[in-house]
Amino acid sequence: MRKLIFTFSVLFCVSLNAQTDTYARLKNLIRQTHPEIITDDKLIAYNIWSAGDAESREANKSFDRAYRVYEYAKLKGGPRGIVVVAINKDNLSGMATIAYTRDGISKLISVAAESIEGMDLQSNSNAIFDSSGNEIHKNLPAAQIFSSVNQLITR
């Protein structure tokens with residue numbers, strides 16, 4: 001029984017550290033690349049995408065819409081809005097840049113995957129963190145992204 005409890009506690013600590021680590025990396029990246037954006041008390045979301053993946057490009061569109069609408073909204077876990085980072089697996093190649101522009105993305109913070117070391121680009125497609133670094137949503141389908149952020153509105 002003790003071994004079982006110990007195993008679960010270790011797994012919990014590792015998963016908690018991974019969430020906080022990803023959140024911290026994203027927050028630092030935003031501070032470095034866009035120092036004008038204040039990340040305190042904001043939700044931070046990311047989407048991993050590539051030019052050849054239609055679902056990830058649709059997720060970019062949904063996140064862009066959510067970012068434009070709720071950038072400064074009062075949200076649960078982020079009373080000062082949301083910031084979204086688009087992480088490109090193609091490292092912002094010419095084709096990826098053309099696809100990004102063609103999709104009409106205007107607000108997302110676009111970065112190359114190589115600029116975020118140690119991030120798992122295979123098992124995760126997107127996630128939303130609250131202002132404390134706790135994961136609220138993970139691997140949302142593109143059709144549910146906007147409504148999931150919309151449900152976080154506080155009145």
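Predicted model, so just to flag it, every value in this text is computed and none were measured.
- Panel note: side chain Glu58, backbone Ala143; no donor-acceptor pair is recorded below 3.5 Å.
- Taken to the nearest 0.5 Å, the CG atom of Asn88 stands 11.5 Å off from the CG atom of Leu108.
- Once rounded to the nearest 0.5 Å, the distance linking OH of Tyr46 with CZ of Phe63 reads 9.0 Å.
- Panel note: side chain Thr154, backbone Lys76; no donor-acceptor pair is recorded below 3.5 Å.
- To the nearest 0.5 Å, the span separating CZ on Arg68 from CZ on Arg65 amounts to 8.0 Å.
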Using the rule given for side chain to side chain contact (heavy atoms under 4.5 Å, CB included), can you reason through Val83 versus Tyr67, listing the C-alpha separation, both sets of side-chain angles and the distance that settles it, and then say yes or no?
CA-CA 6 Å; Val83 176; Tyr67 191 5; 3.9 Å; yes
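- Checking side-chain atoms of Asn139 against main-chain N and O of Ser125 turns up a donor-acceptor pair under 3.5 Å.
- Across every non-hydrogen atom of Ser62 and Ala142, the tightest pair is OG-O, 2.9 Å.
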- side chain to side chain contact (heavy atoms under 4.5 Å, CB included) between Ile109 and Ile37, worked out: CA-CA 10 Å; Ile109 299 169; Ile37 297 175; 3.6 Å; yes
(request) Could you please spell out the steps behind the side chain to side chain donor-acceptor pair (under 3.5 Å) verdict for Asn134 and Tyr23? (result) CA-CA 8 Å; Asn134 300 316; Tyr23 173 78; over 6 Å; no
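- Taking both residues in full, the closest heavy atoms of Asp64 and Gly104 are given as OD2-O, 3.9 Å, listed atom of the first, atom of the second, then distance.
- Side-chain atoms of Asp90 do not come within 3.5 Å of backbone N or O of Ser50 as any donor-acceptor pair.
- Here Asp21 pairs with Arg25 in a salt bridge; the nearest charged N to carboxylate O distance falls below 4.0 Å.
- Counting all heavy atoms, side chain and backbone alike, Asn47 lies closest to Ser56 at ND2-O, 3.1 Å.
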request  = Decide yes or no on side chain to side chain contact (heavy atoms under 4.5 Å, CB included) for Ile87 and Leu26, but give the supporting numbers first.
outcome  = CA-CA 10 Å; Ile87 303 169; Leu26 290 170; 4.2 Å; yes
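- Smallest separation of non-hydrogen atoms from Ala96 and Trp49: O-CH2, 3.3 Å.
- Scanning both residues, Ala99 and Ala51, for their nearest heavy atoms gives CB-CB, 4.2 Å.
- The closest side-chain heavy-atom distance from Asp40 to Lys27 is below 4.5 Å.
- The heavy-atom pair separating Lys89 from Ala113 by the smallest distance is CA-CB, 4.0 Å.
- Residue Asn60 holds its CG atom at 9.5 Å from CG of Asn126, rounded to the nearest 0.5 Å.
- Using a distance-only test at 3.5 Å, with no hydrogens or angles considered, a donor-acceptor pair links the side chain of Asp130 to the main chain of Ser132.
- The number of heavy atoms from other shown groups lying within 6.0 Å of CD1 (Ile38) does not exceed 12.
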Lys42 vs Phe129, side chain to side chain contact (heavy atoms under 4.5 Å, CB included): CA-CA, chis, key distance, verdict: CA-CA 9 Å; Lys42 287 191 177 193; Phe129 296 96; over 6 Å; no
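- Annotation: the span from Asn28 atom CG to Thr33 atom OG1 amounts to 10.5 Å, rounded to 0.5 Å.
- One finds the CD1 atom of Ile44 at 5.0 Å from the OG1 atom of Thr39 (value rounded to the nearest 0.5 Å).
- Hydrophobic clustering (ILVMFWY, side-chain heavy atoms < 4.5 Å, transitive): Phe146 and Ile153 are in one cluster.
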